Enquirer: 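Just passing along the structure, written as structure tokens.
The sequence lines fix the lettering, A, B, ..., with proteins before strands; numbering per chain opens at 1. Everything numeric in this text was worked out from a predicted model, so none of it was measured.
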Amino acid sequence: MMEEVLKRVFRYGAFRDGQRQIVESVLAGHDTVAILPTGGGKSICYQLPSYLQPAGLTVIVSPLLSLIEDQIMQIKRRGERAVAKLTSLESRDQKEEILRHLNQLRYLYLSPEQLAAPQIQQRLAEIKINLFVVDEAHCISQWGHEFRTDYAKLGEIRQRLSNPTCLALTATATAQVEQDIIRGLALTQAKRIRHSVNRPEIQLIVEQTEPSKKDEVLSRRLETVNRPCVIYTTTRKEAERIASIVPQAAYYHAGLEPEDRQLIQQQFLHDEIDCLVCTSAFGMGVDKGNVRTVIHYTMPATIEAYMQEIGRAGRDGQPSTAVLLYAPGDQQLQQFLVDKQYASLLWIDQVTQYRGRGESFEAIEQRLHLDPDDPAYRLLKGQLTEGKTKSQIIEWQEERKKIRLRELMQMINYIQNMFCRRAFILEHFDERPVVQDRCCDNCGTITMDEPVVRTGFAQLDWKNRLEEVFFSSRPSV
DNA sequence: CGCCCCTATTCTAGAATAGGGGCGGTGCCCTAGT
């Protein structure tokens, strides 16, 4: 039965690891949290059950508009037309049209922000929802607390929609993140289906250096690793700078125009660019099999994020390499970025004071010259709106900072750990260590990539290369 | 907090250094003023 649908609708001959188990769990009506490696065919898991159930809607909460577009395109391409989305890109009329015909739809995609709107909840409450899906569910843990707080409301909303069966999907989750997901979605008896987060095809390397030697170390690395290659940096400026000194590289970050972002991502996807220098903005939903190398010029804030980012290598299963460059002090910027997310004690003090006198937020913003778009201020505003007191907010912030600094410390521990790096990561995800070839630099089982033949620019030594860059400003995109 | 860039001050009167200030990630969302 399931196989028949898989073949007829999706044109696949067989299930991949874990897919069948997830579909069965969902069909049996179990709330399910599934950890499936990237490229493991997650969309089948929530798209297939619909064909084996009586009429009803599958609601999919997705973090990025581009991801929603991609998914809908794929669904339409296989001939299914009963699919729609609710995002800021739809006009009022279009939305009304979709909401009027919900019962004729098979799939509805939306952002957590749209789902937070009461009008949309009301309309969804009137129809039968077969399955409530949260794609990239680690966002609940990663973004739900501070950055996109509508992610934290999903549980309450789901319950208001008559508690439909829920499926949360992600590629990586520590016990802590899984707990955040289960709590965030208000799941009581969640069935947990875990595939190992290990990616045996990726060998793990950390290279420690001095801050002033980083460019040199990067350049030497680039001569021995294969492409396509992704280089992660923390700041936009650094992404642009490195793209300007690495031959054949382009940069990608959230400061680019949406059209440029899409263009560059497409070019990278189609092998027209073979080195992409980017911030954490790049990666989610990127389906490219042949990425051979992921280099971190600076470290990410958590091991979780690190796994997500290096996981973009080797999705075709071929040998790949992850290199993390570290110089003492690198963690300072990450530490700053954590702090920056929360309101200062001064702000909290002033804003609560004026609120206590009955002033509107608008008036307070003017008075204190606060930017209403500042994420830290918006977080504070949201918490005050929820009725939290000053001391509750301060206490919560301190707790959150502590958790996040602990995560950052674990990232440092990974870097300074003298034993097997893979074992360290697997332990972090509550998994047993494995023994394998091409493991990590500490195991001493690293293999060099085939030397890549380079011409011209790339063969110059580092000083010459800097001069070259200095005297010929070449656009990097 | 540490960096990078700009300006001001210095004695080497034009290049070197010290000090001040701004900057630093991730994405939804129809804001409000042309």
Enquirer: Can you name the residues that form a side-chain contact (heavy atoms from CB on, under 4.5 Å) with A:F147, not counting sequence neighbours?
Expert: A:W143, A:Q341
Enquirer: When you compare B:dG27 with B:dT31, how far apart are their C1' atoms, in angstrom units rounded to a whole number?
Expert: 16 Å
Enquirer: As a test of your reading of the structure, name each stem of DNA chain B as range with range, where a stem is three or more consecutive Watson-Crick or G-U pairs at under 3.5 Å.
Expert: B:1-11 with B:14-24
Enquirer: Is the base of B:dA16 syn or anti, if syn means a glycosidic angle within 90° of 0?
Expert: anti
Enquirer: Pick the closest DNA chain B nucleotide for A:L89 and for A:T235 by heavy atoms, then say which residue is nearer the 5' end.
Expert: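 Whichever sits nearer the 5' end wins; that is A:T235.
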Enquirer: Give A:R236 one of three labels, base, sugar-phosphate or nothing, depending on what nucleic acid heavy atoms sit under 4.0 Å from its own.
Expert: sugar-phosphate
Enquirer: Mind checking the C1' distance from B:dT34 to B:dC30? Whole angstroms is fine.
Expert: 16 Å
Enquirer: Checking A:T302 now: which residues fulfil side chain to side chain donor-acceptor pair (under 3.5 Å) with it, not counting sequence neighbours?
Expert: none
Enquirer: Table please: side-chain donor-acceptor pairs of residues 275-289 of chain A below 3.5 Å, with sequence neighbours left out.
Expert:
| unit_1 | atom_1 | unit_2 | atom_2 | d |
| --- | --- | --- | --- | --- |
| A:T279 | OG1 | A:A281 | N | 3.3 |
| A:D287 | OD1 | A:R315 | NH2 | 3.2 |
| A:K288 | NZ | A:F268 | O | 2.8 |
| A:K288 | NZ | A:D271 | OD1 | 2.6 |
| A:K288 | NZ | A:N290 | OD1 | 3.0 |

Enquirer: Between B:dG21 and B:dG25, how many Å separate the two P atoms, rounded to a whole number?
Expert: 23 Å
Enquirer: For A:E259, what residues pass the side-chain contact (heavy atoms from CB on, under 4.5 Å) criterion, not counting sequence neighbours?
Expert: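 Counting only residues at least two positions away or on another chain, A:E259 forms a side-chain contact (heavy atoms from CB on, under 4.5 Å) with A:E257.
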Enquirer: Identify, with sequence neighbours excluded, every residue that meets salt bridge (charged side-chain N to carboxylate O under 4.0 Å, His left out) alongside A:K153.
Expert: A:D150
Enquirer: List the residues meeting side chain to side chain donor-acceptor pair (under 3.5 Å) with A:E113, not counting sequence neighbours, and say none if there are none.
Expert: A:R148
Enquirer: For A:A125, give me all partners under side-chain contact (heavy atoms from CB on, under 4.5 Å), at least two apart in sequence or on another chain.
Expert: A:L161
Enquirer: For A:Q334 and for A:G329, locate the closest nucleotide of DNA chain B by heavy-atom distance; then report the residue assigned to the nucleotide nearer the 5' terminus.
Expert: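 Looking at the nearest nucleotide for each, A:G329 comes out on the 5' side.
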Enquirer: Test salt bridge (Lys or Arg N to Asp or Glu O under 4.0 Å) on A:E201 and A:R199 and set out the steps.
Expert: CA-CA 6 Å; A:E201 62 278 7; A:R199 297 287 305 281; 2.8 Å; yes
Enquirer: Please list residues of residues 365-379 of chain A whose heavy atoms come under 4.0 Å from any atom in DNA chain B, ordered by number; otherwise none.
Expert: A:R378
Enquirer: Name all residues meeting the side chain to side chain donor-acceptor pair (under 3.5 Å) criterion together with A:Q334; count only those two or more places apart in sequence or in a different chain, and write none if there are none.
Expert: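 Side chain to side chain donor-acceptor pair (under 3.5 Å) list for A:Q334, sorted by chain: empty.
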Enquirer: Could you work out the separation of B:dT17 and B:dA13 based on their P atoms and round it to a whole Å?
Expert: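 Nearest-Å result for B:dT17 against B:dA13 at atom P: 15 Å.
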Enquirer: Quick check for you: name the first and last nucleotides of DNA chain B, 5' to 3', having an atom under 4.0 Å from a heavy atom of chain A.
Expert: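 Listing 5' to 3', DNA chain B meets chain A from B:dC1 to B:dC30.
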Enquirer: For A:Q335, answer base if it contacts any base atom (sugar-phosphate contacts may also be present), sugar-phosphate if it contacts only those atoms, and nothing otherwise; contact means non-hydrogen atoms under 4.0 Å.
Expert: nothing
Enquirer: Can you check the distance between B:dT12 and B:dA8, where both ends of the measurement are the P atom (answer in whole Å)?
Expert: 22 Å
Enquirer: Distance check, rounded to the nearest 0.5 Å: A:L380 atom CG versus A:Y342 atom OH?
Expert: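 Reported to 0.5 Å precision, the distance equals 13.0 Å.
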Enquirer: My understanding is that only residues two or more places apart in sequence, or in another chain, count here; which of them pass salt bridge (charged side-chain N to carboxylate O under 4.0 Å, His left out) with A:E395?
Expert: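 Scan of A:E395 (salt bridge (charged side-chain N to carboxylate O under 4.0 Å, His left out), adjacent residues dropped) gives none.
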